[in-house]
Amino acid sequence: MTTTPLLTASLAIQLHVLAAVLALGVAIAQFALPRGTPPHRRLGWFWIALMTSVALSSFFIHEIRLIGPWSPIHLLSILTLVTLVAGVRAIRRGNVRAHRRSMLSLFVFALIGTGAFTFMPGRIMYAVVFGP
């Protein structure tokens, strides 16, 4: 394991990875907290800020270019931002089920699913974990 590929990457990539790793840790901690409590809400807002940072920072990363500087991953970033808003709106309206579905889908697809692709050969996180 070496951090060199990450430390030599652009600042946008470094911030993206930091926010994603922190969001993963916060999400796991959220699962241990009783739902609807003040700690759950505070940590939830922190998680939303982290996920917003992950999504927004992706717009400054252009390693994979399929349509100009953009790739399909940028569509996922837009979907992430929309789903975050939908999740907050749902809980404010008292729709716990929709809120839970939004947040769990973000955890599974935006963090775990997308994160798994960063460990493919040729990607920075692959080099960090498995070497160049």
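The first residue in the sequence is number 1, and the count goes up from there.
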For this session: Begin with the C-alpha distance, continue with both residues' side-chain angles, and end with the deciding distance and a verdict on side-chain contact (heavy atoms from CB on, under 4.5 Å) for F109 and T114.
Result: CA-CA 6 Å; F109 297 111; T114 305; 5.8 Å; no
For this session: Let me see the working for V96 and I91 under side-chain contact (heavy atoms from CB on, under 4.5 Å), right down to the final yes or no.
Result: CA-CA 6 Å; V96 175; I91 200 63; 3.9 Å; yes
Exercise. Given the rule in the side-chain contact (heavy atoms from CB on, under 4.5 Å) test, do Y126 and M120 qualify, once you have shown the distances and angles that lead to the verdict?
Worked result: CA-CA 6 Å; Y126 178 90; M120 293 176 63; 5.9 Å; no
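Checking side-chain atoms of R42 against main-chain N and O of H40 turns up no donor-acceptor pair under 3.5 Å. Panel note: side chain S10, backbone I13; a donor-acceptor pair is recorded below 3.5 Å. Distance alone, capped at 3.5 Å, places no donor-acceptor pair between the R101 side chain and the G87 backbone. Although no hydrogens or angles enter the test, the distance criterion places no donor-acceptor pair under 3.5 Å between the side chain of H99 and the main chain of R92.
Using a 4.5 Å cut-off between side-chain heavy atoms of Ile, Leu, Val, Met, Phe, Trp and Tyr, with links allowed through other members, F31 and L111 fall into the same hydrophobic cluster. Under the 4.5 Å side-chain heavy-atom criterion for Ile, Leu, Val, Met, Phe, Trp and Tyr, V108 and L76 are members of distinct hydrophobic clusters. Taking hydrophobic clusters as Ile, Leu, Val, Met, Phe, Trp and Tyr residues chained together by side-chain heavy-atom distances below 4.5 Å, V54 does not share a cluster with F46. Placement of L104 and L50 within a single hydrophobic cluster is found when ILVMFWY residues are connected by side-chain heavy-atom separations under 4.5 Å, directly or transitively. Connection of L22 to L24 is established within a shared hydrophobic cluster, with ILVMFWY side chains joined at heavy-atom distances below 4.5 Å, either directly or through further cluster members.
From L81, atom CG reaches atom CD1 of I48 across 11.5 Å, with rounding to the nearest 0.5 Å. One distance of note links CG of L33 with CZ of R35; it measures 7.5 Å at 0.5 Å rounding. The distance from the CD1 atom of I112 to the CG atom of L106 is 12.0 Å, given to the nearest 0.5 Å. To the nearest 0.5 Å, atoms CD1 (I61) and CD (Q14) are separated by 10.5 Å. To the nearest 0.5 Å, the span separating CZ on F119 from CD1 on I124 amounts to 12.0 Å. Here the CE-CG distance, from M51 to L56, works out to 11.0 Å after rounding to the nearest 0.5 Å.
Taking both residues in full, the closest heavy atoms of A127 and T2 are given as O-CG2, 3.7 Å, listed atom of the first, atom of the second, then distance. Taking each heavy atom of M125 and T118 in turn, the nearest pair found is CB-O, 3.3 Å.
Remark: R89 CZ is loosely packed, at most 12 non-hydrogen atoms of other residues, nucleotides or ligands lying under 6.0 Å away. In F117, the CZ atom is not crowded: 12 or fewer heavy atoms of neighbouring residues, nucleotides or ligands sit closer than 6.0 Å.
Here the side chains of M103 and W47 are in contact, with some heavy-atom distance below 4.5 Å. Contact of the S58 side chain with the H16 side chain is registered, since non-hydrogen atoms from C-beta on lie closer than 4.5 Å. Annotation: side chain of S105 is in contact with side chain of T83 (closest heavy-atom distance under 4.5 Å).
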